[in-house]
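Each chain gets a letter, A, B and so on, in the order the sequences are listed, and its residues count up from 1. In this text, all values refer to a predicted model and were calculated from it rather than measured experimentally.
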Amino acid sequence: MNNREVAHTFVTIADMLAIRGDNIHRVLAYRRAAEAIQDLGQDINQVSAAGKLTDIPGIGQTLADKINEMLTTGHLAFYDKLAQEIPPSLVELLRVDGIGPKRARQLYDTLGVTNLDELAQAARAGKLRELPKMGAKSEAKLIKAIAELEKHGDERTPLGTAWPLAHEMLTALASISGVTKTAVAGSARRMRETVHDIDLLIAADDAAPVMDAFVNLPQVESVSGQGPTKASVTLVNGLQVDLRVLPADRWGTLLLYFTGSKAHNVHLRELALKQGFSLNEYGFTPTDGRAEILCATEEEAYQTLGLPYILPTLREDRGEIEAALANNLPDVIRIEQIISDLHMHTTWSDGKLSVLDMARAAQEHGRQYIAITDHSASLGIAHGLTVERLRQQAEEIHQANERLGPDFRILHGTEVEIKADGTLDYPDEVLAELDFVIAALHVSLKQPREQMTQRILNAIHNPHVDMIAHPTGRLIGERPPADLDMEAILQAAAQTGTILELNANPHRLDLKDIYVRRAMELGVKIAINTDAHNADQFDLLHFGVGTAQRGWATAVNVVNTWPLAQLLAWLREKS
DNA sequence: TAGTAGTGACTAACATTTGCCCACAAATG
């Protein structure tokens, strides 16, 4: 079993326990453990083999035993026992908007509903309205919610899809008279790779006109809730959008609350209580009856708790509050520190612009040097370069450098294919002619773990290979990551000085945040590149920087912050 | 259930809005 499967079992157990009505702390313990396993950045099997499971925060002896049982037998007796009381399929009901553990229990006890299909049947048969604390309205609402779930599912949306949509809506609302501040909050602001919904915030003294405009936006399909300060809508593509409106003098605590994460908020509010405040989105209320403290900025809110400002991308309750308390927050990478881009394509392969045009676009986007890294021959679909064309390209790059002058530099690179048999698409003597060599996987991504891993390890151990691009090959929401022993790859990268890419394209974000964090622990250098195929794709950089921040990456470990001479020196030193 | 203190017991996750039925469940971060 892998991390995802173990975590999923624990989440299901948590749901079953919640439906059964168990002690909330017991439920939370399973949820916390599931989260910790998902965020681990290491293979749970390896951690288990090393006997280090209880080192994971939130995992004690009881859960460690359960994990070991799952990993060795593939089963969990506790799960099977629980399943006799609460059918695991009952957990499906919780996916329906409007059904929580209590309702699920009630539906099971009174109507014998055990899964989503049976719930839909019971609802359509008009059986729900007869239940206590239910009525015709609740029934109709659930029927609609079930239909919505069947139509759009409840998959999370890639950040790259949600981001432009969120800003489009926000721009429309920003022009309403009386609006003084606007923000995209929630997981999009934290730059999670996928979002469950879009959270918008607006500062205005009078909320009503904003609410009104919001629910009437052209993207809106239906309104699921509308009160004086809060409204929720569903868009035509199924995505939910929440809006909160408050006066500007409460902006700091409002933004803090709505940005989350939930776990970060809970932790902050506990901290506030210990310091004699109740903290909510409206402000700090001293528990001894003194006057309320309003914060117009997030900085003021953190300051009130005696904390330095914590970037949104760090707010996951993965140790950032403890670090802030110790005045030991990581000095994470900022976008203005990035001066290079080491992965991009031109018309030589599947890019849209010439070498010179890409260089000029990069320069306009603030980069001081770049690597042109077109595909190699075997990637026919991308018009990969033969050795002969690669050498012709060298000449063009030389000429472009002459035209651009001393303030900018183009490195000649390649994105050489790691072929299905684990060999590289160019011979070593050709790679030796290049300034910067990226190796990457694009084909045969479904090989078994050992074979996949070995292909990357081969590339890492080739002295000519400087970087591995988008290591897992995943496309968020479309293609799963290749099955890789990431720990072995990270260790090998650390040992050889091979750079691992954090591909900034929001549909890749590969390395993902948890592996970035593991890379930092191991001293692996990363590169945040756009993989641009056109000029406007240089703008994708901020997604990569956000993901790097989520992995607590610092500038010294991000090679794109290095002056060219430093990068070249590093590459020369590399074994 | 984890964590802590101490080997069996105790504590521990905050604060709000909305809808719908008539007090509460579910939802939001």
Side chain to side chain contact (heavy atoms under 4.5 Å, CB included), that's the test. Do A/Y30 and A/K66 meet it? Break it down for me.
CA-CA 11 Å; A/Y30 279 96; A/K66 288 187 167 67; 3.3 Å; yes

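To the nearest 0.5 Å, atoms CG (A/N505) and CG (A/D510) are separated by 10.5 Å.
Remark: P of B/dG29 and CG of A/D199 are 5 Å apart, rounded to the nearest angstrom. Atom CZ in A/R244 sits about 7 Å away from atom C1' in B/dT16, given to the nearest Å. Atom CG in A/L246 sits roughly 15 Å away from atom P in B/dG29 (whole-Å rounding). Put simply, CZ on A/F284 is 11 Å from P on B/dA15, counting in whole angstrom units. Taking atom CG on A/L142 and atom C1' on B/dA26, their separation rounds to 11 Å, with Å as the unit. Atom pair A/R31:CZ and B/dA2:P shows a separation of 15 Å (rounding to whole Å applied). The CD1-P distance, from A/I24 to B/dA26, rounds to 12 Å in whole Å. If you measure from atom CG of A/L131 to atom P of B/dA23, you get 17 Å, rounded to the nearest angstrom.
Donor-acceptor pairing under 3.5 Å is recorded for the side chains of A/T194 and A/R156. A/T547 and A/D513 are not linked by any side-chain donor-acceptor pair at a separation below 3.5 angstrom, with hydrogens and angles left out of the test. Between the side chains of A/N45 and A/D43, at least one donor N or O lies within less than 3.5 Å of an accepting N or O. With hydrogens and angles left out, the side-chain atoms of A/D117 and A/Q121 include no donor and acceptor closer than 3.5 Å.
Look at the C1' atom in both B/dG8 and B/dT4: the space between them is 13 Å, to the nearest Å. To the nearest whole angstrom, the two P atoms, one in B/dA2 and one in B/dC20, are 39 Å apart. Taking the C1' atoms as reference points, B/dA12 lies 26 Å from B/dT17, given to the whole Å. The same atom, P, is picked in B/dT16 and in B/dC22; the two are 26 Å apart, to the nearest Å. Comparing B/dG6 with B/dT11, their C1' atoms sit 15 Å apart, to the nearest whole Å. With both ends at atom C1', the span from B/dC10 to B/dT18 equals 37 Å, rounded to whole Å.
Between A/M486 and A/R518, every side-chain heavy-atom pair lies at or beyond the 4.5 Å cut-off.
When both distances must be under 3.5 Å, the Watson-Crick or G-U wobble mate of B/dT11 is B/dA2. Under the Watson-Crick and G-U wobble criteria, each requiring two contacts below 3.5 Å, nucleotide B/dC24 is paired to B/dG19.
OP1 or OP2 of B/dT28 has at least one side-chain nitrogen or oxygen of A/Q240 nearer than 4.0 Å. Between A/N280 and B/dT16, a side-chain N or O to OP1/OP2 separation shorter than 4.0 Å is present. Distances shorter than 4.0 Å separate some side-chain N or O of A/T62 from OP1 or OP2 on B/dA2. For A/S232, no side-chain nitrogen or oxygen approaches OP1 or OP2 of B/dA27 to under 4.0 Å. At the phosphate of B/dC14, neither OP1 nor OP2 sits under 4.0 Å from any side-chain N or O atom of A/Y282. When the side-chain nitrogen and oxygen atoms of A/S138 are compared with OP1 and OP2 of B/dG19, none of them lie within a distance under 4.0 Å.
Nearest-nucleotide assignment on DNA chain B puts the 5′-proximal partner with A/K141, out of A/K141 and A/K102. Between A/R190 and A/A231, the residue anchored nearer the 5' end of DNA chain B, judged by the nucleotide with its closest heavy atom, is A/A231.
For B/dT28, its base sits under 3.5 Å from the side chain of A/Y257 at one donor and acceptor pair at least.
For A/P228, counting side-chain heavy atoms from C-beta on, the closest listed nucleotide (B/dG29, B/dT18, B/dA27) is B/dT18. Considering only the side chain of A/K137, B/dC21 comes nearest among B/dC21, B/dT16, B/dA15.
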